[in-house]
Every structure is written in structure tokens, then in C-alpha cells.
Student: 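Below is a structure I'd like to ask you about.
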Number of protein chains: 4
Amino acid sequence: MNNNLFNEILSAQSIKRTVKQQRIVDASIRLFSEKGYSNTSTAEIAKVAEVSEASIFKQYGTKDNLLLSLIVPYIKEFFPSLANEAMDQIISNADSTFEGFLRAFLKNRIEFITGNKEIFQVLIKEIIYKEELKKEFLPYFHEIVIPRITKFIALFKERGELIDIPIDKILKLLFTFISGFIVSHFVLLNKESISNEEVEDVICFVMDGIRKSSSDH
Amino acid sequence: MNNNLFNEILSAQSIKRTVKQQRIVDASIRLFSEKGYSNTSTAEIAKVAEVSEASIFKQYGTKDNLLLSLIVPYIKEFFPSLANEAMDQIISNADSTFEGFLRAFLKNRIEFITGNKEIFQVLIKEIIYKEELKKEFLPYFHEIVIPRITKFIALFKERGELIDIPIDKILKLLFTFISGFIVSHFVLLNKESISNEEVEDVICFVMDGIRKSSSDH
Amino acid sequence: MNNNLFNEILSAQSIKRTVKQQRIVDASIRLFSEKGYSNTSTAEIAKVAEVSEASIFKQYGTKDNLLLSLIVPYIKEFFPSLANEAMDQIISNADSTFEGFLRAFLKNRIEFITGNKEIFQVLIKEIIYKEELKKEFLPYFHEIVIPRITKFIALFKERGELIDIPIDKILKLLFTFISGFIVSHFVLLNKESISNEEVEDVICFVMDGIRKSSSDH
Amino acid sequence: MNNNLFNEILSAQSIKRTVKQQRIVDASIRLFSEKGYSNTSTAEIAKVAEVSEASIFKQYGTKDNLLLSLIVPYIKEFFPSLANEAMDQIISNADSTFEGFLRAFLKNRIEFITGNKEIFQVLIKEIIYKEELKKEFLPYFHEIVIPRITKFIALFKERGELIDIPIDKILKLLFTFISGFIVSHFVLLNKESISNEEVEDVICFVMDGIRKSSSDH
DNA sequence: GATGAATGAGTTTTCATTCAT
DNA sequence: CATGAATGAAAACTCATTCAT
């Protein structure tokens, strides 16, 4: 499974980038992730990419479009891919439990982000500011992510594995926690990856909370 | 208990702001929270505040200093206040449980943020970008927040209320979840407040997770 | 009678220009008239006016608005002024003939243009290109100039002085000829003024054409 | 008689244009006439012509030369053609009067311009700005147009048809009026053509002016 | 003959900042 | 204390032009 975003786009969209065009992409992602979109000038991108500013604008028209050209394909790749590949096989698996699903899901997404950490940082940093981005992002989220995860939660809830509160509450709590966890690691703390141990802690927390269970003592 | 930040600063620091100075502060917070620091020009602040740009620079010297002047007192108020006032009385309270502590803590912080939502948004949005801000923020976090919360967790863990994993892991999971929850509400979704019902869901999730307990059936 | 446009505006609109602001106006008119709007850069204006480019944009916002700020008041002054002052006294004059009216009109407008030749050139050169300008110009033309001249022509036609064709045809022929004459002198040939002799030739031509009258021999 | 400029050039100069080259010419004329030379980029021409920008520069070297390549042949065709073909037969005609000459001249030139309105617009719009163009244009005007028309006027003046003022004054008044009339129609008002009725009005005006003749009543 | 890729030198415009009054 | 006026520096963006293929 290849989680590198740009290889994916490359093969998917058959875009042939010249060496210089690729350098623009690389420099933009790096600088945007380090300093933020607003604090990065096209002059700086041109310098780092060792191309002329004109080349950037020839290709992308505006700086804003450059940002979108980096992020939108990433968004469109980020969520759909989570299911088509790994998820279906989990659920068909014999010993499939919600815990197993959660573990697979987390590892899959963490792997994906680890391979494209910088662009993930750009996405998170800019989605706060740009309504434009939210509008690209939210439909994908509502139409693809939420129904998909809802399906899983419903399934496991029917099997009696999950607590007896409405699915949308479970979803919201899960989403809040997991995204908070991932964002604080990759964006705030700028960690390279998340260890298996940390993943297990998260799963443990999500499943059973922090209260000492009565059966423990 | 008055959680309005600026009243606090006003009384604490005895700064007497003229009407115009107050308008600068108000305009800055509003604009920074809406569009971000980088995307707000001093000309725009001056226009909204109905003062001259020169007045802003007379007061604050640089635009950067204006931002810090808004945020730093907020940071310094945000965390210390959580203990000095409400927390100590919780712990001394008769029926003090971790759940009770968590409830009081959440309600207290949510109330604080609700009263100063815009500046909270500014803080969150800018702390991602500005190393300068992280440097202001992290010491406070490490020196004041962490020890304080650690003390509480240790206390309740000793009482056997909490799961038997290292305190710093509990702290990290708690922090990740709670901050994720609060940030996604107040910044991403731009909600006005968080309802009691939502707080109870969070507490429930944090304490017991989402797994159906064996005693439920 | 003071035909200098900017003195008129100055007194009319009570705009107080600083020395530098006046230099911007002067430099713009000069350069626009010499090289055309499109071929004049704001950098060049700044250099000639010995101000910073920023000062130009501080005042006018855009280069386009700079052009309009020069031309629109000129348009609004050009046509109305032709009647309020000189024309009414002509018509009330004892020996008022159409020829006399034409002579007064031509001399009045030629004097006005001579005093502001450069901005007249800018107006003519740019009105060809800018729909924006046409929209400023045409209403004034239709609402103020045409009715006014029509009134005069109708008056003299009633007196039996003018040829028996529809007023609007007379107007159109007159306008076409006179504007053609003035534009070719001041814009194409860049003459400083138009001599009395030339004015008399024009009047002669307009009144009687170029055919040798039967009474001449 | 074929007045389409490019067919004329084609046959006259035996230039074989490829389809793409012709598209460049068409696009340039269209865009230059709509927006003016300065406001039309070579990129835009290339896009409209559906060729690469490089092809334009391969052909014409510079954008300036592209403009000249369009206009200069037009100038060289515009004036000479007025005599070689139609004019000589007019004068040799039995009932030749100045009025007849004027009518033939006007109709001939109006037909010519109507068939190439866009390039006529380009010529007029750019001759105002470009000294270069004036230098191309004026010699032709002085060496070919003026002597030719002077010859006609002198002829008809000798026959006693025209008013008794110097020939150059008649020429100037005629030129001013006719060019003013044509330019205002085709460039300012962007009319498609000029009707026979309008032509007759012009002739009437030019010949006899607007004064009611004493023999009319 | 045609073009995709690339750019140097501009262009308009923005912006934080200074200073005399 | 307040500000109108002014700006250097840099921002985003444009454009005519070149050149290897």
C-alpha cells in the first residue's frame, strides 16, 4: 500500500511534472508547513525551489490556487482511502471487534499522515483560516467519512460491543478525541510518528476510559 | 466569580485604558480572531477602532507586540486561575471524586472561554504559527498546569479511582482529549458555548470509554 | 472668468491638497497626456512627482481611480460651465444670431481647453478605451449638453436662421464637425490653441459650407 | 471592387499565411480593436488564436512589430486606393461636380472602412499614442493624400464651384469634418456602417452649411 | 513551423512603521 | 495624547521575450 500522496496523484491524474514544477510543490509544502501560508512569500518559494516567481504564477495563477492545488487532492485522498483498502478486510475478518477496527484505522491513518506529515500540517493550519478550504473539506467529511464510520459503529453497536448512547454522540466523542490526539502530535508537538505503545494507550482509553474498573482489584 | 479577561487584567494590572485604547484592543481581538493575525493589517484595525494607525504604534510599538499584549496576559490568566479560585475548594469538598473534579474543571474552563471566546481563538490560531508564543506558553504549561493537574491525578489515583497506568500517560490522554474537544468546539466549529449535556457526555466518555461494560447487560 | 479646472475644483470642493499631493496630480496629467494611461507606470509618476509610490496609492487606492479622479471632475466641469456663464448672456443679447452664438461658444470652449490642454488630451485618449469613462461621460452629455444646445438650435431655427432639417440632424452634424475640429487640433496635432482666424473659418464653413454661393459672382 | 484589406494584401504581396498565422492576425486585430494594444497581452492573443505565444514571436519578433505588421499595410492601402481605382473615372465623368466627387469619395471610403472596421479602429486608437505610427502615417498623408485631394479641389475651384478661400483652408476644413464624422461613427459610436441618408446629410452640410439660404423662402 | 517551459524585469498594490505638528 | 502625511520594503502578479526540442 502506497500512502505517499503525490505518487498517488501522479499516477491517478497522470500529471507530468517537470523537475522545476516538482521543486515548486516541494518548496511550497515545506515552507507552508513551517511558517504558514500567510507568512510565506512567493519570492521565498521561488528561491527555495530555485525557479523564478514567474514560473510559479504561470502554473498556478495565484498563490491561493497554489495552496489549494496542494491541499485539495490531499483531502480527496485522505478520507476515501481509509476504507477502500484496509477497512473492508477488517470487518470481514473473523475476530473483528471494534477494538480491532479502531487499531487498524488508527495505524492506517497514522501511517498515511507520517508519509505526508508536512502537507497534513498545512491542511490543519490553514483549514482554521480559509472558509474556502472548509467548503472543500466539509462535504467530503459529511458525505464520505461520517457515513462510513457510522456504518462501522452501528455494526459493532448491534453486536453489543459499544455503550448504549446514540451513534452520533459516540462518533463525535471519538472524532474529537482521535483528531485531537493526532493533531496535537503531528501539528502542535511536530512529532515524526506515533508509537505502537501510544496507539495502544489511546485504544485503551477510548474503550474503557480512565476509571479503575471494579474487576481490576 | 468574574471570568472576563479584561476586567481581570484591568483590576490586576491597574492599567487605565482610554476609550480609544480600549477600542484598539477590541478591534484587534475581533479582527485577529476572524481573519488571523497575518491577514489583518494595522490599517484595518485603525479603521475599525476609529483611531489613527499612529495611535496603535504609539501604544504598542509594533504589530507583533500588539498581538503579544493581547495574548500573554490571557495565557497568564488562563491557567493559574483554574486553581487559585475554584479548584482548591473542590478537592477539600466532602464528596470529591475525580469525576466531580473533572466536572468542575470543565465547567470552569468552558465558562472562562465562553466569556472570552475571540481571544481564545486568537491564542489557538497563533500558537500554531508563532514560536515566540509557544515560548511564552510552554513554560506556563509545564510549570503551572502540569504540576497542578498531576497533583490532582495523583491524589485520585491514590484513592484508587483511576486506572493503573503512569500518571503522565493519564495526563497526556486527558489533555489531548479535553483540548481537542474544546478547540474543535470553540475554534473549528465556532460554537458559542458547550452545553451541560455535552459536558456530561465528555465526562462519561473520559471515565468509562465507549465499551459496553459487562455489568450493563 | 476662471477656466482653470483645478482652481475651480479646489474652490468648489474645498479639497486641500498638500504640495506632494498636487505634484502627484500634475505628474499624472502630464505623463498620461504624453504617453497614455496604460503606458505610464505608477513608479514613473512617483519619480516625476518626487513622492513615494505608496503616497499615490494611499490617496487614490488604485491607478484606475487616480485616472478617474483627474478626469471625472473635468468632465463635470467641462459641459455645465459652457452655459451658466457665457451662454445665457449671448442669447439675451440684442444682435444675437446663431453665428454669434457659435462664435461665443467656440471661443469659450477653446479658451477652457487651452487652459487645461493636457487633461483634455487624457480625456479624449482614454474615453476611447474605458467603458467606465464613457459611462461617466455620456449621461452628462445627454442630460446637459444636448438639451442645452438643442434649445439654442431650436430658438434660432424658429427665428428662421437655420436650414430646414430636423434639429437632431443639425446637432449631430455640428457636434461631429466641431468635436472633430477641436480634437484634431488639440490631440492629434497637439496645437497650443486655435487662432481667431481659424475660428472664423470654422464658423464660415459651418454656416455656409464650401459651395460658392450664387450671389458671390 | 474588393475592399477587404487582407484579400488585397494577400494578392498584392503574395504572402501565403498558414492557418495558424491567419488566426494570429485575426485574434490580434480583434483584441487590439476591443481593448487597445497596451491592454492586450501576447498571452491573450495566443489563447484566442489557439497558437503558442512562441509562434507569435517566431513570426513577428516583437509585439510592437505585430502591431505595425497589421497597420502599416492598411495605411498604405487606405489612401492610395482611393484614387487609382474609383476617383479617376469620377473626374472624367461627364456630369462631374464637386458634390459628385464628394459623394463617390465618401461612399468609397465608408465601404472600405466598413469591410475592415476593426483594423480601422486599431489604427485610430493607436495613432494617438504611437509616435512611431504617426511617422509611418504622416508621410503617406502629406505625399499622397494631400496632393491628390488638392488636385481635385483646385480643379473644382477653377470651375467656380467652390468658395473663394485658399485651397489649403478648404482642405483642412473638409478633412477635419469628414475625419471627425467617420471617426465618431466607427470608433466612438462603434457603428457598423453609415447610411446613404447620413452621407447625403454630410454632403449637404459640407456644401451649403446650416444657414437657411435666402432663396429657400 | 511549432511549442512547452522558463524567466528578467517590470507592474500594481500592500503594509508596518516613522515623524512633524 | 493624537494624528495626517509620508514612505521603504516587500508583497502578489504580469508580460514580452527566449530557447531547447
Side-chain angles (χ1 to χ4, degrees), chain A residues 16-21 23-24 38-46 49-66, chain B residues 17-21 24 37-46 49-66, chain C residues 16-21 23-24 38-46 49-66, chain D residues 17-21 23-24 37-46 49-67:
Chain A
K16 283 172 200 164
R17 277 197 242 264
T18 64
V19 178
K20 295 205 173 190
Q21 283 165 354
R23 288 211 303 259
I24 293 171
S38 291
N39 304 314
T40 305
S41 71
T42 51
E44 208 173 351
I45 295 169
E50 291 178 295
V51 299
S52 68
E53 273 189 88
S55 294
I56 297 171
F57 284 97
K58 193 100 195 175
Q59 237 209 315
Y60 295 99
T62 63
K63 189 189 166 193
D64 231 74
N65 190 51
L66 167 59
Chain B
R17 279 195 240 266
T18 65
V19 179
K20 296 207 172 190
Q21 285 166 354
I24 294 171
Y37 172 78
S38 291
N39 304 315
T40 304
S41 69
T42 51
E44 209 174 351
I45 295 168
E50 293 177 294
V51 299
S52 67
E53 276 188 88
S55 293
I56 297 172
F57 284 94
K58 194 82 172 183
Q59 266 284 302
Y60 295 98
T62 64
K63 189 190 168 193
D64 233 73
N65 190 52
L66 167 59
Chain C
K16 283 172 199 163
R17 279 195 240 266
T18 64
V19 179
K20 296 206 172 189
Q21 284 165 354
R23 287 211 305 259
I24 293 172
S38 291
N39 304 314
T40 305
S41 72
T42 51
E44 208 173 350
I45 295 169
E50 292 178 294
V51 300
S52 67
E53 275 190 88
S55 293
I56 297 172
F57 284 96
K58 194 96 193 178
Q59 238 209 313
Y60 295 98
T62 63
K63 188 189 169 194
D64 231 74
N65 190 51
L66 168 59
Chain D
R17 277 196 240 266
T18 65
V19 179
K20 295 207 172 191
Q21 285 166 353
R23 285 211 305 260
I24 294 171
Y37 172 78
S38 290
N39 303 314
T40 304
S41 70
T42 51
E44 209 172 351
I45 295 168
E50 292 178 294
V51 299
S52 67
E53 275 189 88
S55 294
I56 297 172
F57 285 94
K58 195 82 172 184
Q59 267 283 302
Y60 295 97
T62 66
K63 188 190 168 192
D64 234 73
N65 190 51
L66 167 60
L67 176 66

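These numbers come from the heavy atoms of this one structure, side chains and all, not from hydrogens, waters or symmetry mates. Here is the naming used below: chain letters follow the sequence lines, and residue numbers restart at 1 for every chain.
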Student: State which residues pass side-chain hydrogen bond (donor to acceptor under 3.5 Å, both in side chains) with Ser52(D); sequence neighbours excluded, sorted by chain then number.
Tutor: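 Residues passing side-chain hydrogen bond (donor to acceptor under 3.5 Å, both in side chains) with Ser52(D): Ser55(D).
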
Student: For Ala43(D) and Glu53(D), work out which heavy atoms get closest and say how close.
Tutor: N-OE1, 3.4 Å

Student: Please state how far atom NZ in Lys20(A) lies from atom P in dG4(E), giving the value in whole angstrom units.
Tutor: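 Spelled out: NZ on Lys20(A) to P on dG4(E) is 18 Å.
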
Student: Separation of Gln59(C) atom CD from dA5(F) atom C1', in whole Å?
Tutor: 10 Å

Student: Calculate the interatomic distance between Asn65(C) atom CG and dT13(E) atom C1'; express it in whole Å.
Tutor: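 Taking CG of Asn65(C) and C1' of dT13(E), I get 13 Å after rounding.
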
Student: Determine the minimum heavy-atom distance between Lys63(A) and Phe57(A), stating which atoms define it.
Tutor: N-CE2, 3.9 Å

Student: Does Asn65(C) have any side-chain hydrogen bond (donor to acceptor under 3.5 Å, both in side chains) partners at least two apart in sequence or in another chain, and if so, which?
Tutor: none

Student: Using the test side-chain hydrogen bond (donor to acceptor under 3.5 Å, both in side chains), find all partners of Glu50(D) that sit at least two apart in sequence or belong to another chain.
Tutor: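 Checked Glu50(D) against side-chain hydrogen bond (donor to acceptor under 3.5 Å, both in side chains); zero matches.
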
Student: Identify, between Val51(A) and Glu50(D), the residue whose nearest nucleotide on DNA chain E lies closer to the 5' end.
Tutor: Glu50(D)

Student: Can you tell me how far C1' of dC15(E) sits from CD1 of Ile45(B), to the nearest Å?
Tutor: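 Distance check: Ile45(B) CD1 to dC15(E) C1' gives 12 Å.
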
Student: Could you state the OH-P distance from Tyr60(C) to dA5(F), rounded to the nearest angstrom?
Tutor: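 From Tyr60(C) OH to dA5(F) P: 12 Å.
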
Student: Tell me: CZ of Arg17(C) to P of dA5(F), nearest whole Å?
Tutor: 13 Å

Student: Quick check: closest heavy atoms across Arg23(D) and Val51(D), and the distance to 0.1 Å?
Tutor: NH2-CG1, 4.1 Å

Student: Pick out the pairs of N or O atoms, protein on one side and nucleotides 15-19 of chain F on the other, that lie under 3.5 Å.
Tutor:
from, atom 1, to, atom 2, distance (Å)
dA16(F), OP1, Lys63(D), NZ, 3.0
dA16(F), OP2, Thr42(D), N, 2.7
dA16(F), OP2, Thr42(D), OG1, 2.8
dT17(F), OP2, Lys63(D), N, 2.7

Student: Does the side chain of Ile45(B) reach to within under 4.5 Å of the side chain of Leu66(B), using non-hydrogen atoms?
Tutor: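 The answer is yes; the side chains approach within 4.5 Å.
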
Student: Tell me whether Tyr60(D) contacts the main-chain N or O of Leu67(D) through its side chain, where contact means a donor paired with an acceptor under 3.5 Å.
Tutor: no

Student: Taking Watson-Crick and G-U wobble pairs with both distances under 3.5 Å, convert DNA chain F into its dot-bracket string, 5' to 3', dots for unpaired and | for cross-strand pairs.
Tutor: .||||||||||||||||||||

Student: Of all residues at least two apart in sequence or in a different chain, which pass the salt bridge (charged side-chain N to carboxylate O under 4.0 Å, His left out) check with Lys58(B)?
Tutor: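 With sequence neighbours excluded, Lys58(B) shows a salt bridge (charged side-chain N to carboxylate O under 4.0 Å, His left out) to no residue whatsoever.
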
Student: Quick one: is Ser55(D) getting a side-chain N or O under 4.0 Å of the dT3(E) phosphate, OP1 or OP2?
Tutor: yes

Student: Roughly how many Å is it from CD1 in Ile24(D) to P in dT3(E), rounded to a whole number?
Tutor: 8 Å

Student: Could you state the CZ-C1' distance from Arg23(C) to dA6(F), rounded to the nearest angstrom?
Tutor: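 Arg23(C) atom CZ is separated from dA6(F) atom C1' by 11 Å.
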
